[in-house]
Amino acid sequence: MTNMQMEKFGDLELDKKIVSALTAMGFEEPSPIQAQTIPLALEGNDIIGQAQTGTGKTAAFGIPLVQKITDQRHVQALIMTPTRELAIQVAEEINKIGKNKRIKVLPVYGGQPIDRQIRALKNGIQVVIGTPGRLIDHINRRTIKLDHVNLLVLDEADEMLDMGFVDDMEEIIKNIPNERQTLLFSATMPRPILSLTKKYMRTPKNVTVSREEITVPLIEQYYFETRDKVDGITRLLDAEIDGRLIIFCRTKKGVDDLAISLGSRGYLAEGLHGDLSQNQRDRVMKKFRDGSLDILIATDVAARGIDIENINYVINFDIPQDPESYVHRIGRTGRAGNTGVAMTFITPREFRQLKLIERITKAKIKRRDLPTTGDVIERQRELIVNKMEMLLEQGTYHDYMPIVATLEKEYELENIAAAALKFMQEGAKALKTSNSNDNAKGSGSMSNTGARPGMVRFFMNVGRSQKITVPELVKVIAIEADIPAKSIGLINIYDKFTFVEIPEEHAEKVLGVMHKSTIKGYKVNVEPARAK
Ligand code: ADP
Ligand code: MG
């Protein structure tokens, strides 16, 4: 947010559905390449965009593209990308931008079964994102129709050139109507790319953005005022941080103390400072790079010269001593196509220092409140919901259906699902605290204690007070559940309840029918006896 535009997406004459989708994506304002490209593209110009990775090129072409898509169910836009990863990534971003317009997007790339793509292509796809090789394949098989394409995007054109795709690119372009708009993006402009632009683009407008301009706007900057910083960090870790994090402390001792504090609270954190041997430093850095360590805690000196990509968060546990080191620290995030978040903890006394940093760096550091306990719980819920949604989408749980069918005979599906989630979250621990009736049901294992081998012990809520006798009970169970009377084992009748042993193979049947029945006019409740 240094010297940048104050423009908003709302000022760009965009469909409201797009603006709201962008808000949902967390985009507050256009990045420089977006601010320049979107109006020109909306006017229908051909555009050559030159900008480094991480400058927001996808949305720069994705936003006008989504705006231009009509309801018609044929391929209207084609995007070429060098790799399958990029095709998938771009498809996801276009999907998000077009969410409220319900745009049909399909990535096509080598390595995925072509039949599936062919079937999908017949389904009214409006935007295709593909790698050149696979696109040629579809063109040759005549499984993709390009005669209604009026927008062509070449993303990372120089990469495609480096990968030897130039002939394919040309071949594909020739299959697209001349009456079209063409947008080309490239970090560099080698000669073969320039000649493509001369041959296939019409009076293109040039849009260029340099690296310096872009880094800062994509980093969100916040500060928290708190006296208990360790508590503050753990709240952030529990409620929102998701990704790689570097925490900066002022001193070596600060690094060690925080590493111990976080470690003892169960977080994977390690410190990096000048007292470590080269060997130890290398070991920590390797863990951080390969993802087996989430949190790196460092001093400014130790962090100097380490080069790590993909850092999502920088936390200044101690406010940096000078503005320059602030810029240095936060510059470690928001690189290489990642959005970054920088958060600074201050004590009330350090407020003036924060203002100084803001003034000199021209950064906008917004005040924020720390997440509440409610936020932490909310996050845990969200994570569970996400996991469950993924699994439900995958549909890979059918092996467990018979168990659900069994449980469903006696329990409501909602209760079964909630119990399963509890078990997933807490594991065996979930079975231990069983003093309420509810918990006992949740732990209703069929091999409860107290019964002899091969038998299951049941608890029934009727007893001597209801004038129940052993022969009566045997008769009712044998008849209701249709099992041999002599198979029924030990029966202990007490004042208000009764224990009955049933052979394992009949246990389910007895549970299934008995809880609906009555004995001497009393509604019977049967459940597996609880382990003590
Ligand atoms: P490029 O293609 O130039 O390498 P991307 O399009 O992949 O860059 O964008 C880099 C990252 O920045 C992505 O995570 C993207 O979601 C994010 N981003 C793009 N535009 C904005 C914006 N206006 N505000 C916030 N984040 C953005
Ligand atoms: Mg890109």
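Order of listing sets the numbers, starting from 1, for every ligand and every atom in it.
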Establish, yes or no, whether the cationic atom of Lys229 lies under 6.0 Å from the six-membered ring centre of Phe317 and within 45° of the ring axis. yes
Scan the side chains in residues 120-133 for donor-acceptor partners under 3.5 Å anywhere in the protein, sequence neighbours excluded, and list what turns up.
unit_1 : atom_1 : unit_2 : atom_2 : d
Gln126 : OE1    : Lys104 : N      : 2.9
Gln126 : NE2    : Thr70  : O      : 3.1
Gln126 : NE2    : Gln72  : O      : 3.2

Heavy-atom contacts under 4.0 Å between Gln34 and ligand 1: side chain, backbone, both, or neither? side chain
Just heavy atoms, cut-off under 4.0 Å: does Phe61 contact ligand 1 by side chain, backbone, both, or neither? neither
Return a table of donor-acceptor pairs under 3.5 angstrom between the side chains of residues 377-391 and protein atoms on other chains or two or more places apart.
unit_1 : atom_1 : unit_2 : atom_2 : d
Arg379 : NH1    : Asp238 : O      : 3.2
Arg379 : NH1    : Ala239 : O      : 2.9
Arg379 : NH2    : Ile241 : O      : 2.9

At the 4.0 Å heavy-atom cut-off, does Glu156 count as touching ligand 1? no
Nearest to atom 16 (O) of ligand 1 by heavy atom, Phe185, Phe27, Phe9: which? Phe27
Against ligand 1, does Ala51 come closer than 4.0 Å with any heavy atom? no
Does Arg368 make a cation-pi contact with Tyr222 (under 6.0 Å, within 45 degrees of the axis)? yes
Where ligand 1 meets Thr58 - atom numbers and elements under 4.0 angstrom, heavy-atom basis: 2 (O), 5 (P), 6 (O), 7 (O)
Does Glu93 have a non-hydrogen atom less than 4.0 Å from ligand 1? yes
I'd like to check whether Gln89 has a polar contact with ligand 1, where a contact means an N/O of the residue lying under 3.5 Å from an N/O of the ligand. no
Do the rings of His148 and His74 sit parallel, tilted or perpendicular, given the 30° and 60° boundaries? parallel
